[in-house]
Amino acid sequence: MTFANLVRQHWAALRALLVFTVLLGAGYPLLIWAVAQLPGLHDKAQGSIVRVDGKPVGSSLIGQLFTDAAGRPLPQYLQSRPSAAGDGYDPPASGAGNLGPESIVDDPDKPSLLTQVCSRSKAVGEREGVDGSRPFCTAGGVGAVLSVIGPRDARGNVVHPTRVVSVNEPCSSTAQTFLTSYDGVRVECARSGEDYSFGQLVPIRGAAPGSPRVPPDAVTASGSGLDPDISEAYADIQVARIAHARHVSADAVREVVRANCRGRDLGFFGEPRVNVLAVNLQLDHKYPVIR
């Protein structure tokens, strides 16, 4: 290749770089910005901010917490679902907890997904006055999981247990395990520092109903951690608490919830949902809390 050809090729590449930089680095962003300023799109492009008396109070697209300074849920408000985004609904930290169905054994510094679900269900049940029990959860709100130790068969199943440990119930926090015995062997609490991973992990379903009263979105975070909506079922179990806190009838609260419920998109995408911020703003407007 001659020097002249080399110069021509590099000059062509440089011109292409300059053209595409102008088109895609400046022109395209400016075009999208201009389109976003059109009527009907401007508010969405600015974050769908909701304002009351001219002051921003939230976004219709991003959830938020309704808690006091100590992090306790405010009884007069509809509560959002859990969030794994930072300390809760932090947009820069948007993301999931990255825990899956196999996360059933607690780490010393981080509870398993199963224990998180169990503890949240217990807390929601106590707050809303409903049955918070769940399959594979102990009454204390941790995952009901045993490490069964003993000789195994060809498939890896323990055939004659010699020791059984409730792995999510540390000895320092419980006097008695959720299950007294398993296959004729006394169930022990988990001792700090001991490794029970060599045992066969056996989740125990327990006597909880197959359809828990506390719905799934009350105990699990969304993929983004920013979901502004909850299910109708989760909203429904909160009605009695809100009505009591605002000194109105439960039917009055249900009317507000129904007014802010959206159906499936296009009739078949997703599930019916309730926008938490919209409900709470309307409750404050119609039934303010008298202090």
Side chain proximity check, [X] to [Y], heavy atoms < 4.5 angstrom:
X	Y	answer
Val253	Val248	yes
Pro272	Arg264	yes
Ile104	Leu113	no
Leu201	Leu146	no
Arg120	Pro82	yes
Pro92	Asp90	yes
Pro215	Ile230	no

Is a side-chain donor or acceptor of [X] paired with a backbone partner of [Y] at a separation under 3.5 angstrom?
X	Y	answer
Asp227	Ser222	no
Arg241	Pro75	yes
Arg134	Val117	no
Thr177	Glu188	no
Ser103	Gly100	no
Thr138	Val142	yes
Ser181	Gly184	no
Ser80	Gln64	yes
Thr115	Pro111	no
Ser83	Gly225	yes

Starting at [atom1] of [X], measure out to [atom2] of [Y] and round the result to the nearest 0.5 Å.
X	Y	atom1	atom2	value
Asp284	Gln282	CG	CD	10.5 Å
Phe178	Glu169	CZ	CD	6.0 Å
Gln79	Leu65	CD	CG	8.0 Å
Asp106	Ser112	CG	OG	4.0 Å
Ile62	Ser94	CD1	OG	8.5 Å
Tyr182	Ser166	OH	OG	13.0 Å

Verify same cluster id: [X], [Y] (apolar side-chain graph, 4.5 Å):
X	Y	value
Ile204	Phe136	no
Phe66	Val239	yes
Val158	Ile149	no
Val276	Val57	yes
Leu179	Val148	yes

**Request:** Decide whether a cation-pi geometry holds between Arg246 and Tyr77; the criteria are a distance under 6.0 Å from NZ or CZ to the six-membered ring centre and an angle within 45° of the ring axis.
**Result:** yes
**Request:** Carefully, step by step, assess Val219 and Val214 under the rule side chain to side chain contact (heavy atoms under 4.5 Å, CB included).
**Result:** CA-CA 8 Å; Val219 297; Val214 177; 3.9 Å; yes
Check this for me, if you would: do [X] and [Y] make a salt bridge, where the nitrogen-to-carboxylate-oxygen distance has to be below 4.0 angstrom?
X	Y	answer
Glu232	Arg273	no
Arg254	Asp251	yes
Arg163	Glu194	yes

[X] versus [Y], closest heavy-atom pair with distance:
X	Y	result
Pro151	Thr162	CD-CG2, 4.3 Å
Asp217	Arg81	O-CB, 2.9 Å
Gln116	Leu99	NE2-CD1, 3.4 Å
Gly210	Pro212	O-CD, 3.3 Å
Phe198	Arg152	O-NH2, 2.9 Å
Cys189	Pro170	CB-C, 4.2 Å

Can you tell me if [atom1] on [X] sees more than 12 non-hydrogen neighbours from other groups inside 6.0 Å?
X	atom1	result
Asp87	CG	no
Arg127	CZ	yes
Arg191	CZ	no

**Message:** Does Asn275 form a side chain to side chain donor-acceptor pair (under 3.5 Å) with Asp229? I'd like the steps, not just the answer.
**Reply:** CA-CA 4 Å; Asn275 188 273; Asp229 305 316; 3.2 Å; yes
**Request:** List the steps, then state whether side chain to side chain contact (heavy atoms under 4.5 Å, CB included) holds for Val50 with Leu277.
**Result:** CA-CA 9 Å; Val50 178; Leu277 177 61; 4.0 Å; yes
**Request:** Applying side chain to side chain contact (heavy atoms under 4.5 Å, CB included), run through Arg186 and Thr180 and close with a yes or a no.
**Result:** CA-CA 6 Å; Arg186 181 179 65 86; Thr180 304; 5.7 Å; no
**Request:** Evaluate the side chain to side chain donor-acceptor pair (under 3.5 Å) criterion for residues Arg72 and Thr67: first the C-alpha distance (whole Å), next the side-chain angles of each, then the deciding distance (0.1 Å), finally the verdict.
**Result:** CA-CA 5 Å; Arg72 294 183 295 263; Thr67 56; over 6 Å; no
**Message:** Using the rule given for side chain to side chain contact (heavy atoms under 4.5 Å, CB included), can you reason through Ile242 versus Tyr287, listing the C-alpha separation, both sets of side-chain angles and the distance that settles it, and then say yes or no?
**Reply:** CA-CA 10 Å; Ile242 296 171; Tyr287 312 113; over 6 Å; no
